[in-house]
Amino acid sequence: MQTFKVDEGRRGFLKKSSAITALYLMPSLFVKAISFDKLIPLPIAKEKLQLEINGKTYNLEVDARTSLLDLLREQIGLTGTKKGCDMGQCGACIIHVNGKRLNSCMSLAIDNNNSKIVTIEGLAKGDQLHPMQEAFIKHDGMQCGYCTSGQIMSAVACVREGQATSREKIKDYMEGNICRCGSYQNIVDAIMEVKKSGKPV
Amino acid sequence: MSDFNKYFKMDADDDRADGFEKVTGKAKFTAEHQIPNLAYGVFVCSTIAKGTIKNLDDSLALKASGVFDVISFKNCPTIPGYNSLTADGKRNNQEWRGLKVLSDNKVRFFGQPIALIVADSFENATDAIKLVKAEYEKEDFETDFHKTRLDASKLKANGNYKRGNVAAYKTAPIFIEPEYNIPIEVHNPMEMHASIAVWDGDNKLTVYDKTQAPKRTQSAIAGAFGIPEKNVRVIVEFVGGAFGSGLRSWLNLPAACIAAKKLNRPVKVVLTRPQMFSLVGYRPQSWQKIGMGADASGKLLGISHSAISNTSRYEDFREGIVDVSRFLYACENVDTDYKVLPLDVSTPTWMRGPGEVTGCYALECALDELAYKLKMDPVELRIKNHADVNPENNLPWSTKYLKECYETGKEKIGWKNRPKIPGTLKENGMLVGYGMGSGVFGAGRNNASVRVILKADGNIILQSAVSDMGPGTTTSMTKVAAENLQMPLNKIKFQLGDTDFPPGPGQGGSSTTSSLGSAVFLVCETLKQNLKELAVQKIDSFKNLQTVDIDVKNENIFSTKDSTIKISIADLMKASEKQSIEIVKDSQGNNPQVIKYSSFSFSTHFVKVHVHPKTGAIELKHVVTTGDAGKIISENTARSQMLGGAVGGIGMALKEELKFNHQTGEIENASFGTYHVPLHTDIPPIDVWFVNKPDFIVNPIGAKGLGEIALIGFAAAVANAVFNATGKRVRDLPITPEKLGFKNA
């Protein structure tokens, strides 16, 4: 005999979320004593969500289980933010939420109502690249390009947070961004240059 | 530490051609194509290592919200290429290689897909996984490489080699016979393997697939589904790393195709990160023994190299682990022996520097061990035994500048500071060590086709059905064309990643630049000849000229004898009323010239390490990596590839190890949190240096391969440096403080 269990880990974040999220948790309260065979999953309710992404307001209906990352990639079509692990371990999905860097795979979309979000697509001003994007090109801070969005969003935050004071400090504050192609040195070069240039980030 | 040596001036001309797309998020990777009516497929995976599925209850999952179907051996459609025999009993040459997903009720390794849930959203599909219940009949299994390899009856021989006397090393005045172990290492590119299948009717489809070899993927699908290759279009605009994992297709590909066909709607299957450890190949686990003997002067008298590496129970995967010992050093007596060991695990595959990375680790460590025994400098020992011709076939090298790599590496790392007696040098309280290793990889060249399109406005488009996993193929091919046509880079666009383009090679074996570059060179030469002929035909002032007296440069066609006779490409197109000129050229990989030579790329890696005397913590302080890779086409991207090889080598030497729970057969550390890849903080200053001398025997552009030699030999350099720092020889990778004897680290 098996019982239905809402799985642990990230789904546990639901607990601190809103009322409709709680509905999703309800089946587990009811079904603890019901056999696996008789369990029929309930349809999942969608919740209304308003976000400002790259300066544009979005009114959305979102599955309570959807991560902010999947919302961006699968529902809105902003695929510049990358899924590298879906476990908060690689940094490929880093975006800025209300000015702070965040692994967007680790945050449920519905927990971000009324947030201001900036993704890699929102970093350039029209055709004018952000200084960090220019520096990444100049120093070749990429190979395959898959971790690049997360590296750049993290790098911008690193400078803004005032942490880009030395190569060693930059490495410490960029440690959550994995680059499997191994462009780390060029990435640090790019961040150092932006920091030294004094350009506003 | 702020200013590393930069051997190359960075200027905009050397920028990565697709850098803009990559820094703005515009680059589209496989899973990112927006397809209407898309369904999501996720795998349900086995929770046993070996056995038979007795019962698979999918009734509950089928009732779950948004679930369209659960595909398993119970209802999987018949796939023609899954059968080993055709309907009339003949061998089916179109048989799908490897594991046939969802086709039967056998479990061959822990985590094997046993069903595919297809739903309207990723969330609905994923949530339904726990609703599928499988009952198994378990069988005994073997996942323990070191335990199983001791039973010789379980090994499969893969041929051996000898020249001179076998085991001659044992009669040498000085000899060693160390054994080396390398655990499984997993590619883990940042982009997960993914496929989207879109059928158009019963026998035609478009597939978006993460692949290093679009043409190979096309033929794999065509074979599996029994349809003509031309009916399969594979699109792969960008590849988020692969390092070999994209050289063959994994189960996401047939699963997406099967589901999309069964449901008659597009289906996307993206592996999860944990599945990137279990459902994609890996560098096999290996055991090696090197017997090596020399006389007192250091002259090698015998090398015996044996190796065992693991494969799966359902496929044999072999690689050239021991081959390197036959030709890297001059030695009259060499014998090698290689066997594979089938285990109840998934099949390994090529991973950056396949075979040579493993073999060179052992060979280059052994040379270091021998050097200490001889009381000789390890670089001197290598130069003493330098192979002036390839000792395996006595052919001359097409080019070989390995000695320059040794010298430059020594100078830049500060080799003169290396302590002759290990464990005797300290710096700021840290033990200091220096080590080096060499790398070698065949400078292969394959067939490739390229189309050139010259537009009426003088812009050039080049096309080939290859993909670019990161080395910068788009960049280097644009440069080859620009150099050949003497045109500005911004006039040239290289397009790839679509099987509708002329067939190109898979991106593997460090051969893309050589193969594809030769084809680009050839098609550009042909274009120039066409333009010259066109000018003679259509332009009065050229009428009496021979084409040998005409040249093409700076977007002009002109007489080399009379500078007043000149026309721009755009004006020539206009005068001849042409909208465009299109030419396709095939370049052949083998030519009579090449087979008279032995063609290889070479590298050296020099490292300096610090080891904490109390904790054994190892920190790399400096890396100098050098490459003899012929002419460097794009210095910027080539340098990045070398940096990447060094980073990969740091992971191999100090961090990476896939672990199994041998009680259950399950992988224990299938995540970035538990399988440790190199991070920003692991990377010391890395200097890259290239010989940068062309090899025109290999191809007309003078380039040899680069991707593999960047990594081959690197782990040995680290291991040798750690020994130099501590006097403790760790032969089992990764090297950790525990293995150095620091129990409480």
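Naming convention: chains lettered A, B, ... in sequence-line order (proteins, then strands); numbering from 1 in each chain. Predicted model, so just to flag it, every value in this text is computed and none were measured.
- With chain A as the partner, the residue from Leu679(B), Asn188(B), Val677(B), Val270(B) showing the most heavy-atom pairs under 4.5 Å is Leu679(B).
- Residues satisfying the side-chain hydrogen bond (donor to acceptor under 3.5 Å, both in side chains) test with Asn103(A), not counting sequence neighbours, are none.
- The greatest number of non-hydrogen atom pairs below 4.5 Å with chain A, out of Leu38(B), Val647(B), Asp682(B), is found for Val647(B).
- Atom NZ of Lys116(A) has 12 or fewer heavy atoms from other residues, nucleotides or ligands within 6.0 Å.
- Looking at Gln185(A), its side chain never comes within 3.5 Å of a backbone N or O of Ile683(B) through a donor-acceptor pair.
- With a 4.5 Å cut-off on side-chain heavy atoms, Ser640(B) and Asn186(A) count as touching.
- A donor-acceptor pair under 3.5 Å links the side-chain atoms of Gln89(A) to the main chain of Gly673(B), judged by distance alone.
- With a threshold of 4.5 angstrom between heavy atoms, Asp172(A) approaches chain B through its backbone and through its side chain.
- Looking at His680(B) and Gln151(A), their side chains do bring a donor and an acceptor atom within 3.5 Å of each other.
- In terms of non-hydrogen atom pairs under 4.5 Å with chain A, the most contact-rich of Pro678(B), Gly472(B), Ala242(B) is Pro678(B).
- A cation-pi contact, defined as under 6.0 Å to the ring centre and within 45° of the axis, is absent between Lys82(A) and Phe238(B).
- Proximity to chain A is absent for every atom of Lys26(B), based on heavy atoms less than 4.5 angstrom apart.
- A distance-only check finds no donor-acceptor pair linking the side chain of Lys83(A) to the backbone of Met192(B) [under 3.5 Å].
- Atoms CG and CD, from Asp468(B) and Gln143(A) in turn, are 10.0 Å apart once rounded to the nearest 0.5 Å.
- Heavy atoms closer than 4.5 Å to chain A are found in the side chain of Gln34(B), but not in its backbone.
- Residue contact with chain A, scored on non-hydrogen atoms closer than 4.5 Å, involves the backbone of Val239(B) exclusively.
- Here Ser67(A) contributes atom OG and Glu123(B) contributes atom CD; the two are 7.0 Å apart, rounded to the nearest 0.5 Å.
- Contact count versus chain A (heavy atoms, under 4.5 Å) is highest, among Ser671(B), Ser121(B), Ala27(B), Pro274(B), for Ser671(B).
- Two residues are said to be in side-chain contact when any heavy atoms from C-beta on lie closer than 4.5 Å; Leu129(A) and Phe20(B) meet this criterion.
- Interface remark: Gln641(B) contributes backbone and side-chain atoms alike to the contact with chain A (heavy atom separation under 4.5 Å).
- For the pair Gln133(A) (side chain) and Val23(B) (backbone), a donor-acceptor distance under 3.5 Å is present.
- Interface remark: Ile170(A) contributes no atoms to any contact with chain B (heavy atom separation under 4.5 Å).
- Note: Leu643(B) CG to Asp140(A) CG = 9.0 Å, rounded to the nearest 0.5 Å.
- Contact annotation for Leu78(A): neither backbone nor side-chain heavy atoms come within less than 4.5 Å of a heavy atom of chain B.
- Heavy atoms of Thr272(B) lying under 4.5 Å from chain A are absent altogether.
- Under the rule for a side-chain contact (heavy atoms from CB on, under 4.5 Å), the partners of Cys90(A) that lie at least two apart in sequence or sit in another chain are Cys85(A), Ala92(A), Ile178(A), Met190(B), Phe672(B).
- The main-chain N or O of Met87(A) is never found under 3.5 Å from a side-chain atom of Arg273(B) such that the two would form a donor-acceptor pair.
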Steps toward salt bridge (Lys or Arg N to Asp or Glu O under 4.0 Å) verdict (Asp127(B), Arg65(A)): CA-CA 9 Å; Asp127(B) 255 10; Arg65(A) 301 162 297 178; 2.8 Å; yes

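- You'll find the side chain of Phe136(A) stays beyond 4.5 Å of the side chain of Lys22(B), heavy atoms only.
- Closest approach of Arg180(A) to Val186(B), counting heavy atoms only: NH2-O, 2.8 Å.
- Annotation for Cys144(A) and Gly240(B): closest pair SG-C, 3.3 Å, computed over non-hydrogen atoms.
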side-chain contact (heavy atoms from CB on, under 4.5 Å) between Glu32(B) and Glu74(A), intermediate numbers included: CA-CA 8 Å; Glu32(B) 297 169 355; Glu74(A) 302 296 334; over 6 Å; no

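- Just one residue in the list Asp86(A), Thr66(A), Asp63(A) forms a side-chain contact (heavy atoms from CB on, under 4.5 Å) with Phe122(B), and that residue is Asp86(A).
- The closest side-chain heavy-atom distance from Thr681(B) to Tyr173(A) is not below 4.5 Å.
- If you measure heavy-atom distances from Asp18(B) to chain A, you find no contacts under 4.5 Å at all.
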